[in-house]
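Worksheet for the structure shown next.
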Number of protein chains: 2
Amino acid sequence: MKQDALPGRIAAEMASLIAAGDMPAESHLTAQSIADRFSVSRSPVRAAFKMLEGQGLVRQNRNRGYFVKPLTARTKSAAMKSASSNRDGPRAYYALAEDWVRDQIGDEVTETLLLDRYRISRSELTAILTRAVAEGWIERKPGYGWRLLPVAKTAEAQAQLYRVRLLLEPAAFLEPTFRIDRPALDGLRNDLERICDGAYLDWPEDRLHAIGVTFHEELVRMGGNPFLHQAIQRVNRMRRLLEYRSMIDRHRILAETREHLEILAPVAAGDLVEASFLMRRHVARALERKSGPATGTP
Amino acid sequence: MKQDALPGRIAAEMASLIAAGDMPAESHLTAQSIADRFSVSRSPVRAAFKMLEGQGLVRQNRNRGYFVKPLTARTKSAAMKSASSNRDGPRAYYALAEDWVRDQIGDEVTETLLLDRYRISRSELTAILTRAVAEGWIERKPGYGWRLLPVAKTAEAQAQLYRVRLLLEPAAFLEPTFRIDRPALDGLRNDLERICDGAYLDWPEDRLHAIGVTFHEELVRMGGNPFLHQAIQRVNRMRRLLEYRSMIDRHRILAETREHLEILAPVAAGDLVEASFLMRRHVARALERKSGPATGTP
DNA sequence: AATTGTTCTTTACTTATAAAAAAAGCAAAA
DNA sequence: TTTTGCTTTTTTTATAAGTAAAGAACAATT
């Protein structure tokens, strides 16, 4: 079996966009534009179209391509389901991550052990290890074997992750290279406002989560320091690893989204010091909440 | 050929230690202690011993093991040469990095291209890509191919790396989990004092560099926040990639080592706020010097 | 008792071939 | 001219057998 199913991932993401109304009914989905968006060729995109057609989300017009069908209650729920069922990573990756977080596996493992335990092919294992290395919770031992690194399993560790964010995120605004990216800013505001306008009740969980993460990462990206941006991306991926199972509290999402909009205002006005201050307060609040119960998307 | 030659790396590192006088003449090198130090088994260590014997650095006593031979001018220079020739990574890794930094290669590559260009095996390529991904300057494209990221090439990159250090390193002292690690502290001070006492002229470059890096990483490690520690490790690896070609200015090393010792004093005394302040000043100075010429190990 | 030297076992790398997937190319339709 | 639908080419993955390397076990030596 192919390691990850590119068409499936593309289809899932498009389903999410359609369900969220980003791709209105009757609009023409040109294969090349979708391909460009995902930076792939048209081949996997066509495969994705066929999957979406099977779900009743798009319609093919012979020699004219694919068009978005109007959403019905049926197709809408199908779209949301497909969007969330298709996580962006191989099943075994999450299985390993979960085993590690739950202490179901030792901290030094051999490749054969993993191969055997998760019933995967060598190249799938390679992909998983590469990813885990990139996300910083696995490293190769000098000889044979891999070492699983400490990860935010405990409440204390979660807090430590937030302390790193507290250091990095407010600092991004103060980088000398900070440049406001209007289109990105407008895109963010648009999403956030729609969430506040009720979408926080409708949209699939992973989309809400993704928008929250994107908000933080985009702002850090505007800081113009790629290493800062990279550091935050890693922290967020690590966070995702731990939080992906937890239910989202949709009312907390609303509260946090309002804070996000509050931060956006001074950024748009060019008051970066104020933005930095608000961001610090925002992350600090999230850190405080970590002493409490469930998990949101600050 | 084996991907990286573990015995060679171990031999090189031991050669460096012997040349630096860390392993005095006639001392007995027990295989297990060396194996533990590198967290490998005795097998590659024995192979390393044989290589060192060939270089005249150690002597085997039948059934008693290996012993350090007194350094002669000849063996000393051989040791330094071997230590520096054997970088801690596959040749092709640095070849690729250099090609990228020097714009000798496009920003999107296929595996076959790399396989062919650097004449390496598939698994060696996998190792190289995994490492580059971990260090954050390569990423997998969604379909086929890999994308080389511009992080490592821009002129500002060095300064931006230092700005991240400026954020993270002083903060480590202020973590609520900071715990002084006396043995580590003593080890650091010992190395630093020997450098100041003249070793800055003698010791091989990579050892001087490594001690500087270790100083910073160990202090951050004592902060007790593994994510902070990890972030700094990444920054340092990237720094190494950018700096690995540049000559070391041994007098700058001396100056910086003195600053390192200055920072150690308040740490040992438990005055972490002062240590944090001194660290900030130290890194800030190094950042300022980046406007100037050559490169040291701040 | 600790450590070496050696043997045996496990683990991972190499290489090659087949198959699957994605990318690239191109003629036909809109 | 753009975009589709289809074909061809390239790239990567899957699988498996053979080899090299590292790890583990154990008797011999100090």
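Labels below follow one simple rule: chain letters A, B, ... track the order of the sequence lines, proteins then strands, and each chain is numbered from 1. Hydrogens, waters and symmetry mates are skipped; everything else that's a heavy atom, side chains included, is used. Model, not experiment: these values are computed from the prediction.
- Distances shown here put a side-chain N or O of R140(A) below 4.0 Å from the OP1 or OP2 atom of dC13(C).
- Every pair passing side-chain hydrogen bond (donor to acceptor under 3.5 Å, both in side chains) that includes a residue from residues 65-74 of chain B is listed here, sequence neighbours excluded: Q60(B)-Y66(B), T72(B)-T75(B).
- One can place CD1 of I128(A) at 14 Å from C1' of dT13(D), the figure rounded to the nearest angstrom.
- Close to dT12(D), at under 4.0 Å from its OP1 or OP2, lies a side-chain N or O of T112(B).
- We find that CG of L113(B) is positioned 16 Å from P of dA23(C), with the value rounded to whole Å.
- Under the rule for a side chain to side chain donor-acceptor pair (under 3.5 Å), the partners of D36(B) that lie at least two apart in sequence or sit in another chain are Q32(B).
- Computed from coordinates, the L114(B) CG to dT11(D) P distance equals 11 Å when rounded to whole Å.
- Computed from coordinates, the K50(B) NZ to dT6(C) C1' distance equals 10 Å when rounded to whole Å.
- Mapped onto DNA chain C by nearest heavy atom, W146(A) and S41(A) fall at different nucleotides, with W146(A) at the one closer to the 5' end.
- In summary, R221(A) and E218(A) engage in a salt bridge, as defined by a charged side-chain N under 4.0 Å from a carboxylate O.
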Counting primed atoms, P, OP1 and OP2 as sugar-phosphate and everything else as base, the B/S/- map of nucleotides 4-9 of chain D against protein heavy atoms under 4.0 Å is BBB---
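- Applying the salt bridge (Lys or Arg N to Asp or Glu O under 4.0 Å) criterion to E135(A), with sequence neighbours excluded, gives R131(A).
- The side chain of T110(B) approaches dT12(D) more closely than any other nucleotide in the set dG23(D), dT12(D), dA23(C).
- Residues passing the salt bridge (Lys or Arg N to Asp or Glu O under 4.0 Å) test with R59(B), sequence neighbours excluded: E26(B).
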Ignoring hydrogens and angles, write down the donor-acceptor pairs under 3.5 Å from the side chains of residues 104-113 of chain A, residues two or more places apart or on other chains.
{"unit_1": "Q104(A)", "atom_1": "NE2", "unit_2": "R102(A)", "atom_2": "O", "d": "3.1"}
{"unit_1": "E108(A)", "atom_1": "OE1", "unit_2": "K141(A)", "atom_2": "NZ", "d": "2.7"}
{"unit_1": "E108(A)", "atom_1": "OE2", "unit_2": "R147(A)", "atom_2": "NE", "d": "3.1"}
{"unit_1": "T110(A)", "atom_1": "OG1", "unit_2": "T112(A)", "atom_2": "OG1", "d": "3.4"}
{"unit_1": "T110(A)", "atom_1": "OG1", "unit_2": "L113(A)", "atom_2": "N", "d": "3.2"}
{"unit_1": "E111(A)", "atom_1": "OE1", "unit_2": "R122(A)", "atom_2": "NH2", "d": "2.4"}
{"unit_1": "E111(A)", "atom_1": "OE2", "unit_2": "W146(A)", "atom_2": "NE1", "d": "3.1"}

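- I120(B) has its CD1 atom 13 Å from the C1' atom of dC13(C), to the nearest Å.
- Between the P atom of dA23(C) and the CD1 atom of I34(A) lies a distance of 15 Å, rounded to the nearest Å.
- Straight-line distance from the CZ atom of R122(B) to the C1' atom of dC13(C): 13 Å, rounded to whole Å.
- Atom-to-atom, CG of D116(B) to C1' of dT10(D) comes out at 14 Å; the value is rounded to the nearest Å.
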